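Beneath this line is the structure, given in structure tokens, with notes to follow.
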2 protein chains.
Amino acid sequence: MTPKDDGLAGPSLDHCSIAGTLEALGDSWSILVLRELFFGVRRFNEMQSELGISRSVLSDRLARLVNLGVVRTVPYQEPGDRVRNEYRLTRKGVELLPVMVALMGWGDAHVNGGCGPVTLHDKRSGERVRLELRTESGERVEPNEMEPRLSRSARKALATRQ
Amino acid sequence: MTPKDDGLAGPSLDHCSIAGTLEALGDSWSILVLRELFFGVRRFNEMQSELGISRSVLSDRLARLVNLGVVRTVPYQEPGDRVRNEYRLTRKGVELLPVMVALMGWGDAHVNGGCGPVTLHDKRSGERVRLELRTESGERVEPNEMEPRLSRSARKALATRQ
DNA sequence: CAGTATCCCATATGATACTG
DNA sequence: CAGTATCATATGGGATACTG
């Protein structure tokens, strides 16, 4: 048995969705910028000082995120001041929250020794929220009870190539 | 209302768990190496050719992951060959799978246009598995229905500092 | 096969200064 | 306040060659 036989990886996975997301957001600042937005920080200067990121990089990252469609600018005006922009997550950006929740969960458990400085709550009930793996029929699944499979389309693509 | 007032971010979050996890695994290769392990690829040379990563970087990354405790080496021996090592996820590494599932989910939806080359299944039932946000009492929560709060300990830390 | 060591380069980042 | 432009640097990564 060569290792190749039982592995799923291969040319068909060069652009697997994990790699795709990382290509879009896998640099060292994008996720942190999105975290700020998630945590309610919306303005350039505040993000900059919170994150300790350089102004040029923050400017670049925000532009990229807007371009990607995960962030949008919203005009606002302080009384007696000119109109400026603040930044908000788009729907596409909000759908990234599970990534942040997963990162936070692992960091809570394995970096911060069991719990972190932030907890997540349902806005209505106030109950704590967490991420779970479930089957379509609603059964909980542990991470080690899960296996990846090539989708039908990927198998077909692989077959024609061989 | 200054933006500062309604944001959660601040000095107490410099080492929030998202940043912590990213610090450990946020480089451009670690997650991809872990993906290979998740997909069943365990040997150095195979990972190297699958990923198109340079040998030195792969070597370095594997060492770091072992050091972090998310990967361990397991000796194996091909008949008539000397003993070598292969790599496996530890429990701590397996607990990182939700991060990969979340990345995959977003990539499926927003990079690969609705579906990707890989699906995840319960080993037993074969049913598809996905990530869900739920309250402790089992209610499903949409990403936009969720808000972050400072934990009790973080509030206390913040209070003493001010 | 499974690495390690060396060297070189591209690029990401930060510091600083400037602008509306 | 909210950026943009320029520059210097550091670091990450690849290519290559070597070793057990």
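It should be emphasised that the depicted structure is a prediction, and the values quoted were computed from it without experimental measurement. Below, read A as the first sequence line, B as the second, and so on, with proteins coming before strands; counting in each chain starts at 1.
Under the rule for a side-chain hydrogen bond (donor to acceptor under 3.5 Å, both in side chains), B:Ser56 has no partner lying at least two apart in sequence or in another chain. Listed by chain and residue number, A:Ser153 satisfy the side-chain hydrogen bond (donor to acceptor under 3.5 Å, both in side chains) test with A:Ser151 (two or more places apart in sequence, or in another chain). Remark: A:Arg72 engages no residue in a side-chain hydrogen bond (donor to acceptor under 3.5 Å, both in side chains) (not counting sequence neighbours). Residues passing the side-chain hydrogen bond (donor to acceptor under 3.5 Å, both in side chains) test with B:Asn112, sequence neighbours excluded: A:Ser17.
Distance CZ (A:Phe44) to C1' (C:dT19): 13 Å, rounded to an integer number of Å. The interatomic distance linking A:Asn45 (CG) with D:dA2 (P) rounds to 5 Å, in whole Å. Between A:Asn85 atom CG and D:dA2 atom P there is a gap of 10 Å when expressed in whole angstrom units. For B:Leu32 and D:dG14, the CG to C1' distance is 16 Å, given to the nearest whole Å. Counting to the nearest Å, the P atom of D:dT16 and the CD atom of B:Gln48 are 12 Å from each other. Counting to the nearest Å, the P atom of D:dG13 and the CD1 atom of B:Ile53 are 8 Å from each other. Rounding to whole angstrom units, CG of residue A:Leu58 and P of C:dT13 are separated by 12 Å. Protein atom CD of B:Gln77 is 13 Å distant from nucleotide atom C1' of C:dC1, rounded to whole Å.
Using a 4.0 Å cut-off between charged nitrogen and carboxylate oxygen, B:Arg130 and B:Glu132 count as a salt-bridge pair. A salt bridge is absent between B:Arg124 and A:Glu145: the closest approach of a Lys/Arg side-chain nitrogen to an acidic carboxylate oxygen does not fall below 4.0 angstrom. A:Arg88 has a carboxylate O that lies under 4.0 Å from a charged side-chain N of A:Glu86, or vice versa, which qualifies the two as a salt bridge.
Crowding of A:Arg140 atom CZ: a count of heavy atoms from other residues, nucleotides or ligands under 6.0 Å exceeding 12.
Comparing D:dG14, D:dA2, C:dA2 against the side chain of A:Arg43 picks out D:dA2 as the nearest. The side chain of A:Ser54 approaches C:dT13 more closely than any other nucleotide in the set D:dG20, C:dG3, C:dT13.
Where pairing requires Watson-Crick or G-U contacts shorter than 3.5 Å, the helical stems of DNA chain D with at least three consecutive pairs are C:1-20 with D:1-20.
Checked by atom type, the side-chain pair B:Ser125/A:Glu139 shows no donor-acceptor distance below 3.5 Å.
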Which atom pairs link the protein and nucleotides 5-12 of chain D when you take only N or O atoms and keep those under 3.5 Å?
none

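Residues A:Arg84 and A:Val57 both approach DNA chain C. Their nearest nucleotides, taken by heavy-atom distance, put A:Val57 toward the 5′ side.
For B:Tyr76, no side-chain nitrogen or oxygen approaches OP1 or OP2 of C:dC1 to under 4.0 Å.
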